[in-house]
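Start at 1 with the first residue, then count along the sequence. All of these numbers come straight from a predicted model, not from anything done at the bench.
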Amino acid sequence: MSTSSPPDESASTANTELQWGRVLLCGGTDWPRLGRKDRGGSKKAQEPANVGPDLLEPYILRSLSNVKVTSVHTSCAGCQVVALDADGAAWLFGRNDRGVLGVAGVEFISESVPMRLTAQELGAPKGTWFVHAACGRNHTLLVGSGGQLWSAGANPLGQCGHPPCPEIPAFKLVQGLKHGGVKEHVVKAAAGTTFSIVATASGKVFAFGSGEHGQLGNGRTGEHIVSAGKTAFDVESEPILVKGLEGKKITKVACGQQHSIALGSDGVVYVWGYNGYCRLGLGDQKNVLIPKPVPQFASPNELTTGADVTAGPSNSVVVDKQGMYWMAGKWKTTGDGSSGQPYSTFRYMPDIMGCKVTHVACGGVTHWALAPDEDDSVMTIAFGQAASNGELGLGPDEIKSATKPIRHQPLIGIDVFQIAAGQNTTFFLAKPNEKLSDLPRHPVDLDSPEECIVCNTEDNDTPLLACDKCDHPYHTKCLDPPLDAVPEGEWFCPECEETPGGPVGPEGVKAASAIAAKRKASKKAEVEEEEEESGPASKAGQKRKAPAAKSKTAASKRRK
């Protein structure tokens with residue numbers, strides 16, 4: 001769940017009002033291999049891989065630790081991530097299959113070297129910023145403050161909103177979002193495995209991609225025979241209006257792998273697409289080709305209508321205006337709620353029925369909720385079976401899975417306000433506070449020097465500060481201007497202040513240079529292709545203790 005300011009002439013002015021926080025993560029970070037099984041005997045399985053660790057508790061992501069992030073977006077079926085900051089820029093990292101992160105020739109982008117992207121780099125007018133994003137399995141959507149929509153990644157079925165082709169290797173503007181000859185202003189997006197959904201400022205919903213299971217909401221699948229024993233389905237590469245929502249104003253959309261759920265301004269919840277395991281919550285398993293309202297959230301009683309919606313791979317979640325959490329479909333692997341016993345209609349979760357839920361998220365096998373605690377702090381609730389990569393982040397000495405909702409102990413006292421749950425990794429946005437600063441940082445060890453990097457000495461009479469991002473130590477007297485005392489709260493060294501979101505560690509700097517070269521080459525090839533087709537392209541368009549490796553003298557000075 002993210003908030004965004006309305007279009008304005010000044011991106012920086014508009015975005016200063018946004019709620020921002022620091023990015024935390026838990027779960028898998030081995031992007032190329034997450035969720036994949038090695039096939040014995042294959043060449044790829046025998047090759048050494050850049051294995052990232054499984055983080056079994058929430059860590060502060062160092063690379064973005066001094067970036068004011070306003071929203072994080074990922075997919076329950078994918079392993080790529082988009083973080084939007086208060087300046088309207090996007091930071092991208094994770095698996096890069098088929099150019100899903102908008103750069104070709106790179107297998108993945110490390111979380112320690114996130115790639116920064118602005119709307120202007122995509123040809124948008126000055127003052128345009130990113131307000132929303134969506135991730136599918138292998139494609140990504142970015143929404144601009146001017147109502148623009150860009151896409152990149154796999155596109156064999158038109159899921160990027162462009163004529164079918166193997167992939168869109170760099171973010172490209174999606175055309176054709178019009179109704180009645182009037183261009184629609186996109187504000188929200190969602191993506192599944194082979195399709196995409198966008199909502200506009202007027203409340204309309206458009207879809208594009210494969211219509212195999214009715215997920216385009218146009219009333220048909222278009223199934224037809226293409227050769228002996230082989231069938232195909234409608235592919236809509238140009239955005240089409242989703243039917244059955246005429247006269248309704250849709251305020252939020254969400255996608256599972258092959259189904260969609262939408263929330264109207266009146267609180268009515270609509271579902272359509274693939275209905276295996278009763279994931280649409282309508283009491284049966286028939287696919288729905290045109291959006292249907294869910295009866296229990298269409299009551300005249302406003303308190304029982306919807307306030308928030310989200311979707312997992314094979315389930316849907318609704319939070320009503322009382323803050324009650326409702327689930328439909330298959331949400332675990334055994335027992336009640338599994339493939340043999342899915343929730344055929346939306347059912348409340350007894351373990352959290354007393355909580356006033358304010359935000360929800362679903363990952364590959366995880367489920368999350370935020371609710372106010374008795375002391376007015378934020379309670380983070382988590383559950384999920386078969387969370388083998390530690391994506392629940394319950395702690396290194398705790399269980400990895402939880403079949404029932406439980407309070408997330410490592411996040412007690414952490415003011416989380418948004419959760420983005422991926423296929424094997426979970427991301428949190430939290431407001432800075434003393435408790436947050438006590439969390440471990442990822443990566444843990446940067447092999448930073450033990451002496452002040454300005455004077456290269458250990459002055460026993462001067463406090464030594466460690467940067468909250470790079471861990472480099474500084475004497476307070478060596479800073480410009482010098483500090484009289486150790487500051488409270490977060491502190492970042494001058495170098496990190498100058499480069500928010502910059503790469504972490506020597507290896508990160510090296511990787512960042514390689515990615516920059518790839519982007520430059522990709523951009524050049526794109527421009528050349530456009531010029532070949534249509535001539536030259538138009539411009540329109542807190543205080544922290546030093547790490548354990550630090551000297552005991554320096555650490556003792558800090559406690560004085």
Does either side chain, that of Gln385 or that of Thr334, offer a donor lying less than 3.5 Å from an acceptor on the other one?
yes
Spell out, as yes or no, whether a donor-acceptor pair under 3.5 Å connects the side chain of Arg95 to the backbone of Trp31.
yes
May I ask you to check whether Asp375 and Ser377 show a side-chain donor-acceptor distance below 3.5 Å?
yes
Per ring pair (Phe, Tyr, Trp, His ring centres under 6.0 Å), Trp368 is matched among Tyr325, Phe427, Phe428 by Phe428
Shortest non-hydrogen contact from Asp85 to Thr70?
O-OG1, 3.8 Å
Looking at Trp331, Tyr348, Tyr277, Trp326, which hits ring pair (Phe, Tyr, Trp, His ring centres under 6.0 Å) with Tyr343?
Trp331
Distance-only, no hydrogens or angles: does the Lys252 side chain make a donor-acceptor pair with backbone N or O of Val309 under 3.5 Å?
yes
Of all heavy-atom pairs between Asn433 and Gly413, which one has the smallest distance, and what is that distance?
ND2-O, 3.1 Å
Determine the minimum heavy-atom distance between Gln19 and Phe417, stating which atoms define it.
OE1-CD1, 3.3 Å
Polar side chain donor-acceptor pair, Ser151 to His139, under 3.5 angstrom:
no
So which atom in Lys243 and which in Asn218 form the shortest heavy-atom distance, rounded to 0.1 Å?
NZ-O, 3.3 Å
Phe108 versus Cys79: any side-chain heavy-atom pair under 4.5 Å?
no
Under a plain distance cut-off of 3.5 Å, with no hydrogens placed, do Gln80 and Thr140 share a side-chain donor-acceptor pair?
yes
Heavy-atom nearest pair, Thr29 first then Leu25, reads CG2-CD1, 4.1 Å
Please find the pair of heavy atoms, one from Pro410 and one from Pro58, that lie closest to each other, and give the distance.
CB-CD, 3.8 Å
Should we count CD of Glu302 as having more than 12 external heavy atoms under 6.0 Å?
no
